[in-house]
Amino acid sequence: MFNFSFPMAEYNFAQIEQHWQHFWETHQTYQVSQDFSKPKYYVLDMFPYPSGAGLHVGHPLGYIASDIYARYKRMQGFNVLHPMGFDSFGLPAEQYAIDTGQHPAITTEKNIETFKKQLSKIGFNYDWSREVRTSDPNYYRWTQWIFQQLFQAWFNLKTQKAEPVASLIAQFEQAGNAEVKAACDDDTPIFSAQAWKNFSEAQQSEILLKYRLTYLADAYVNWCPALGTVLANDEVKDGLSERGGHPVERRKMRQWMMRITAYAERLLQGLDGLAWSDALKEMQRNWIGKSTGCEVDFAVADSPQSLKLRAFTTRIDTIYGVSFVVIAPEHPEALALATPAQRAEVEKYVEWAKNRSERERQAEAKTVSGVFTGSYVINPFSQAKVPVWIADYVLAGYGTGVVMGVPASDERDFRFATHFQLPIVPIIDQTKLEENGKVMEAYSEKTGRMINSAMLDGLSVKEAIEKAIQYAENQGFGERRVNYRLRDAVFSRQRYWGEPVPVHFENGIPKLVEESALPLELPAIDQYKPTPDGEPPLARAKDWPYETTTMPGWAGSSWYFLRFMDPQNAQAFVDKSTATYWGQVDLYIGGTEHAVGHLLYSRFWTHFLYDWGCIEHKEPFQRLVNQGMIQGMSALVYRVKDSNQFVTAQLKDQYETQELHADVNMVENNVLDIEKFKAWRTEFADAEFVLAEDGKFHCGSLVEKMSKRWYNVVNPDDVVAKYGADTLRLYEMFLGPLELSKPWNTNGIDGTHKFLKKLWRLFYTDQGEWLVEDSQPNAEALKVLHKTIKKITDDLERLSFNTPVSEFMICVNRLQELKCHQKEVLSPLLRLLAPFAPHITEELWHRLGNSNSIHHAEFPKAAEAYLQENSFEYPVQINGKLRTNLTFGVDVPTATIEQEVLANEIVQKWLEGKSPKKIIVVPKKIINVVI
RNA sequence: GAUUUCAUCGUACAGUGGUUAGUACAACAGACUCAGGAUCUGUGGGUCGUAGGUUCGAUUCCUACUGAAAUCACCA
């Protein structure tokens with residue numbers, strides 16, 4: 001049945017791996033069963049964007065870990081779902097299309113094939129029959145469908161869940177919107193039932209958009225001129241686009257938005273139940289940025305319209321220290337507050353602030369700028385009259401866009417007040433003062449007692465906050481309020497290669513495309529760039545009556561984990577009972593770069609789909625592990641200045657040299673292959689080399705990002721060709737803990753390869769003679785085996801993938817010492833190792849005479865019986881120093897041990913006749929006699 | 001600045017309130033070989049970041065400091 005014709009003397013990984021990969025594919029070894037009676041386990045990798053560059057050794061790290069875990073769980077009897085797919089919409093393919101005119105679908109298809117070919121060589125146990133691609137119309141039809149559901153939903157704050165818009169309309173018709181508590185736009189007007197009925201269709205549509213979970217709105221967005229599109233907040237880093245690093249500016253545009261803020265509280269609370277790293281949860285908490293405080297009204301003095309400015313603060317206790325109020329330049333009342341005398345200056349400032357890019361604004365965060373409006377407001381607590389300023393350190397999008405300036409207790413306010421010479425009054429007794437009584441620096445701690453604060457004097461900060469809020473609420477000029485830093489997400493992209501938004505417009509009113517018309521497929525267009533008058537690429541399509549922006553990259557990835565459960569379903573995005581069976585992803589492995597993007601959006605959509613009754617779980621990913629980045633280890637050579645002479649690393653300090661990067665593929669264990677180096681580039685062809693004492697040329701090394709630019713990219717294909725997939729898998733795990741970032745250094749790979757050879761030697765002599773015996777193994781060998789089983793199982797349970805490799809090495813070394821070749825030991829050992837090294841174990845498993853796949857065999861269980869000892873040799877310490885060893889049975893009572901220890905000759909000698917103060921017996925550990 | 005994580009042979013990682021702190025690579029020596037490679041055998045190498053504390057006993061627990069990494073950072 002199996003062809004074992006190749007030589008057995010050597011471990012021939014190339015033949016073994018090719019043979020079994022083919023076997024698994026033809027026998028569909030990894031196809032997931034639809035048997036819902038078995039316990040399920042869902043192991044998922046973050047699916048990749050198929051870039052043209054292909055894989056480097058960093059990519060498979062997480063895939064290998066999840067692959068091992070999935071195999072482990074299957075061997076334990078779970079029905080394991082372990083799929084793979086592609087996040088195949090995205091910018092690079094589109095950029096390439098703009099440059100070459102080639103349709104992005106074609107390049108994407110090509111890239112996916114490359115990826116799959118590379119992945120297949122590593123021996124993953126993906127069920128490829130479940131593959132999904134976000135750019136496939138059969139897939140994005142459901143992305144569009146989910147979008148439509150969000151459009152038809154509003155978030156009821158009373159029930160804390162999404163409900164159909166129809167129920168909202170019913171309420172409007174009954175009683176207007178005064179009693180409706182909903183997550184909605186801040187500028188939503190209050191109207192009566194009658195008013196609602198009198199609204200035109202367009203007006204009603206506008207109102208409803210303020211409630212829908214996906215909606216059109218004029219918003220300040222991150223516009224990236226270089227990419228020609230808007231970006232979400234998490235796609236912008238330090239004022240530059242995450243992709244490409246282009247400048248980003250603020251621009252007001254009408255955009256599709258996602259009302260993720262509706263779920264802010266649930267997204268925050270939900271974190272508590274998840275088995276994610278603290279760091280990651282903290283990042284999400286920071287991003288959501290909940291702050292509890294109070295809104296308070298400042299009436300504008302001498303205002304004919306009795307205008308009020310509402311400020312948000314977490315420190316209402318400091319209200320008596322307010323010496324000014326600042327509003328954001330974008331604040332709607334900014335110009336209205338300008339007195340005639342100040343008007344010109346205010347206009348100038350607002351104009352200036354508007355045109356500043358996000359980057360400039362952040363880069364100059366420490367420089368103070370602002371302008372006085374000429375208006376004053378009344379502090380409702382003290383009745384003090386304070387000036388109103390406009391400054392761009394106040395953000396329009398957070399809170400109310402109005403800040404009360406308390407320079408003595410806020411650093412930014414302090415800087416502002418100092419710069420514009422506004423009064424600074426200390427209101428907490430801990431505030432540091434100069435000798436002349438001036439405030440030295442802002443005191444922003446929440447400890448101390450209030451001073452100069454009338455009714456709050458003497459209270460602690462906490463008490464003062466509580467009292468002030470209650471006072472404000474009683475007096476009707478303020479209320480308790482929770483704010484989130486989280487913003488609604490911009491959902492429009494002015495690009496081609498994304499999901500079309502399934503909406504058309506009738507007289508400017510957005511209407512959903514009929515569900516039966518989905519998928520709304522991407523139209524063919526002549527060029528992939530914007531139209532000459534700046535419209536998105538889809539505006540080029542003939543007869544395209546639909547929305548011209550497309551969805552962002554995160555749309556398709558926000559629910560793909562659900563599609564894997566039921567990838568072919570044409571009736572629904574996932575069958576509900578199937579989704580109920582598979583439920584949450586039990587283990588999700590991926591990079592930390594998606595901490596606040598993908599992982600937050602996916603949680604949002606999953607919460608929504610739960611509310612909508614489509615699935616029965618709220619949180620998509622129960623346990624999540626962030627694998628670390630694999631960095632590159634660059635090789636450096638040192639060239640003597642102005643010459644073609646190179647110096648070995650040890651001697652470089654004796655010369656004046658410059659560093660050059662050499663390709664790491666010409667370097668082994670830091671030794672440069674000089675011939676390859678000379679052939680690498682013509683300019684090096686006749687280079688000279690100053691060698692080290694050992695006659696070799698050594699390179700320096702440097703850890704940096706793996707990148708073509710540094711010639712330090714290692715392709716897994718090359719490693720597989722040289723050592724085999726099993727070695728690559730073991731080595732990637734052996735490099736270190738999964739979560740840690742670590743450099744790829746091929747130096748150690750020999751070690752893992754040798755290990756596999758040693759394993760082979762347990763089965764065959766170097767002459768190819770079969771060594772395996774059916775005889776009974778001795779107790780020692782069994783102990784080694786079961787100790788290993790226990791350790792490996794424990795390690796896997798806590799997702800430690802590097803330690804088992806070292807444990808396997810110890811085990812094989814020990815078995816070799818013991819000359820153990822018994823089947824009864826080797827068979828469980830193979831099953832134990834199978835998740836890590838699936839090819840060699842499958843091969844040896846069949847050579848042991850098995851006909852089923854080892855990957856469907858049972859994972860061995862540790863038997864305590866083999867691990868137990870019946871006696872223990874105790875180290876005996878006198879005052880913490882080892883003096884002798886004594887052996888006792890494990891069940892001897894400590895009292896007996898104490899007696900016998902004291903009676904012992906050597907102990908007696910050390911006691912020198914004194915009686916011991918204390919005697920400590922730790923069972924199976926140690927005995928310590930204290931004198 | 002805030003939060004989180006971390007610090008153990010030359011390097012990368014294990015490990016532990018308790019005897020002599022392990023594994024791999026690298027280094028060194030030997031066997032085999034014409035030689036190299038491969039293989040095998042053996043050897044050396046660590047005050048467990050620094051300083052305190054708890055304890056009979058601390059590399060392990062606690063505190064401070066130092067250093068490193070990641071994320072966030074005008075969010076009122």
Side-chain angles (χ1 to χ4, degrees), chain A residues 10 237-238 277-287 289-291 293 311-316 318 326 361-362 364-368 391-395 397-406 409-413 415-416 444 483-487 592-593 595-596 626 628-629 633 669-670 694 701 730-731 733-737 739-743 745-752 754-755 757-758 761 766 791 795 800 802-810 813 816 873-885 916-920 922 924-931:
Chain A
E10 288 303 322
K237 292 261 141 65
D238 301 323
S277 72
D278 289 339
L280 187 60
K281 286 194 201 177
E282 200 56 34
M283 276 195 240
Q284 290 220 339
R285 284 191 193 107
N286 282 341
W287 191 260
K290 179 178 184 174
S291 54
F312 173 75
T313 178
T314 54
R315 293 299 303 275
I316 189 68
T318 63
V326 200
R361 188 164 161 155
Q362 282 183 13
E364 294 159 27
K366 293 282 185 276
T367 24
V368 178
D392 74 348
Y393 83 85
V394 176
L395 305 173
Y398 183 76
T400 56
V402 179
V403 165
M404 57 184 222
V406 186
S409 284
D410 184 282
E411 216 175 296
R412 295 150 303 179
D413 296 345
R415 265 203 314 269
F416 193 79
S444 52
N483 254 317
Y484 300 92
R485 200 188 76 117
L486 185 70
R487 295 274 80 85
T592 178
E593 65 271 22
V596 291
N626 288 121
M629 277 229 289
M633 181 74 95
N669 292 340
N670 291 336
D694 59 5
S701 61
L730 284 173
Y731 186 60
M733 294 298 98
F734 188 59
L735 274 176
E739 300 92 327
L740 242 60
S741 286
K742 56 240 161 189
N745 186 337
T746 317
N747 289 0
I749 199 163
D750 276 345
T752 47
K754 274 186 212 166
F755 158 73
K757 286 186 180 175
K758 279 187 190 172
R761 282 278 163 276
D766 53 1
K791 181 82 163 64
D795 286 349
S800 176
N802 54 331
T803 49
V805 181
S806 150
E807 196 62 28
F808 278 123
M809 289 172 173
I810 295 170
N813 283 346
Q816 194 177 52
E873 186 183 17
Y874 285 93
V876 179
Q877 297 182 339
I878 314 284
N879 280 350
K881 289 211 167 62
L882 180 72
R883 297 305 180 192
T884 185
N885 287 302
K917 271 193 202 148
K918 201 171 177 182
I919 179 161
I920 296 135
V922 185
K924 286 166 86 178
K925 290 270 189 203
I926 205 164
I927 296 165
N928 191 8
V929 181
V930 186
I931 304 173

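We name chains A, B, ... by the order of the sequence lines, and we start the count at 1 in each one. Heavy atoms only: backbone and side chains are in, while hydrogens, waters and symmetry mates are out.
- One C1' atom belongs to B/C25, the other to B/G44, and the distance between them is 16 Å to the nearest Å.
- Of the two residues contacting RNA chain B, namely A/Gln816 and A/Lys791, the nearest-nucleotide position lying further toward the 5' end is that of A/Lys791.
- Taking atom NZ on A/Lys757 and atom P on B/C25, their separation rounds to 12 Å, with Å as the unit.
- Distance check, rounded to the nearest 0.5 Å: CD1 of A/Ile316 to CE of A/Met404 gives 4.5 Å.
- A donor-acceptor pair is defined here as one N or O able to donate and one able to accept, closer than 3.5 Å; such a pair exists between the side chain of A/Arg315 and the backbone of A/Ser444.
- Under the Watson-Crick or G-U wobble criterion, with both distances below 3.5 Å, B/U50 is paired with B/A64.
- Listed nucleotides B/A73, B/C74, B/A14 differ in distance to A/Trp287; the shortest reach to its side chain belongs to B/A73.
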Determine, step by step, whether A/Met809 and A/Thr752 satisfy the side-chain contact (heavy atoms from CB on, under 4.5 Å) criterion, reporting the C-alpha distance in whole Å, the side-chain angles of both residues, the deciding distance to 0.1 Å, and the verdict.
CA-CA 8 Å; A/Met809 289 172 173; A/Thr752 47; 3.8 Å; yes

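- Distance check, rounded to the nearest 0.5 Å: CE of A/Met733 to OG of A/Ser806 gives 14.5 Å.
- In this structure, A/Val876 reaches neither bases nor backbone, as no heavy-atom distance under 4.0 Å exists between it and the strands shown.
- One can place CE of A/Met283 at 12 Å from P of B/U5, the figure rounded to the nearest angstrom.
- Taking atom P on both B/U16 and B/G57, the two are 22 Å apart, rounded to the nearest angstrom.
- On the P atoms, B/U63 is 24 Å away from B/A69, given to the nearest whole Å.
- Look at the C1' atom in both B/U5 and B/G49: the space between them is 16 Å, to the nearest Å.
- Remark: the separation of the P atoms in B/A7 and B/U59 is 15 Å, to the nearest Å.
- Taking atom C1' on both B/G17 and B/A12, the two are 27 Å apart, rounded to the nearest angstrom.
- In this model, no side-chain donor or acceptor of A/Asn286 finds a partner on the base of B/C72 within 3.5 Å.
- Across all strands, A/Leu735 comes closer than 4.0 Å only to sugar-phosphate atoms, never to a base (heavy-atom distances).
- The side chain of A/Asp392 sits closest to B/C74 out of B/A76, B/C74, B/C13.
- Using atom C1' as the reference point in both B/G22 and B/C9, the two lie 11 Å apart (nearest Å).
- Between A/Asn928 atom CG and B/C56 atom P the separation is 10 Å, expressed in whole Å.
- Taken to the nearest 0.5 Å, the OH atom of A/Tyr874 stands 6.0 Å off from the CD1 atom of A/Ile927.
- Across B/U3, B/C74, B/A73, the shortest atom-to-atom separation from the side chain of A/Glu282 is found for B/U3.
- Under the Watson-Crick or G-U wobble criterion, with both distances below 3.5 Å, B/U71 is paired with B/A2.
- Looking at the side chain of A/Leu395, the nearest of the listed nucleotides B/C13, B/G18, B/A76 is B/A76.
- Distance noted for atom C1' between B/G10 and B/C62: 33 Å (whole Å).
- B/G36: no Watson-Crick or G-U partner with both key distances under 3.5 Å is found in any strand.
- When all heavy atoms of A/Thr318 and A/Ser409 are compared, the closest pair comes out as CG2-CB, 4.0 Å.
- What separates CZ of A/Arg415 from C1' of B/A76 is a distance of 13 Å, to the nearest Å.
- As the counterpart of B/A29, B/U41 is assigned, both hydrogen-bonding distances of the Watson-Crick or G-U wobble pattern falling under 3.5 Å.
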Hey, mind stepping through A/Glu282 and A/Arg285 against side-chain contact (heavy atoms from CB on, under 4.5 Å) and telling me if it holds?
CA-CA 5 Å; A/Glu282 200 56 34; A/Arg285 284 191 193 107; 3.4 Å; yes

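- When all heavy atoms are compared, the tightest approach of A/Tyr484 to A/Tyr398 is O-CE1, 3.6 Å.
- For the pair A/Glu411 CD and B/C74 C1', the computed distance is 10 Å after rounding to whole Å.
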Can you give me the N/O atom pairs linking the protein to nucleotides 19-24 of chain B at distances under 3.5 Å, or say none if there are none?
from  : atom 1 : to       : atom 2 : distance (Å)
B/A24 : OP1    : A/Asn813 : ND2    : 3.3

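- A/Ile749 and A/Tyr731 make their closest contact through N-CE1, 3.5 Å (heavy atoms, listed as atom of the first residue, atom of the second, distance).
- One atom, CG of A/Leu730, and another, P of B/C13, lie 18 Å apart when rounded to the nearest Å.
- Each of A/Val394 and A/Lys918 lies near RNA chain B, and the nucleotide nearest A/Lys918 is the one positioned closer to the 5' end.
- Looking at every heavy atom in both residues, A/Ala391 comes nearest to A/Phe416 through CB-CE1, 3.5 Å.
- In this structure, B/A12 and B/U23 make a Watson-Crick or G-U wobble pair, each of the two defining distances being under 3.5 angstrom.
- Phosphate contact (OP1/OP2 of B/A73, side-chain N/O of A/Arg485, threshold under 4.0 Å): present.
- For the pair A/Arg285 CZ and B/U3 C1', the computed distance is 11 Å after rounding to whole Å.
- Atom pair A/Ile919:CD1 and B/U55:P shows a separation of 21 Å (rounding to whole Å applied).
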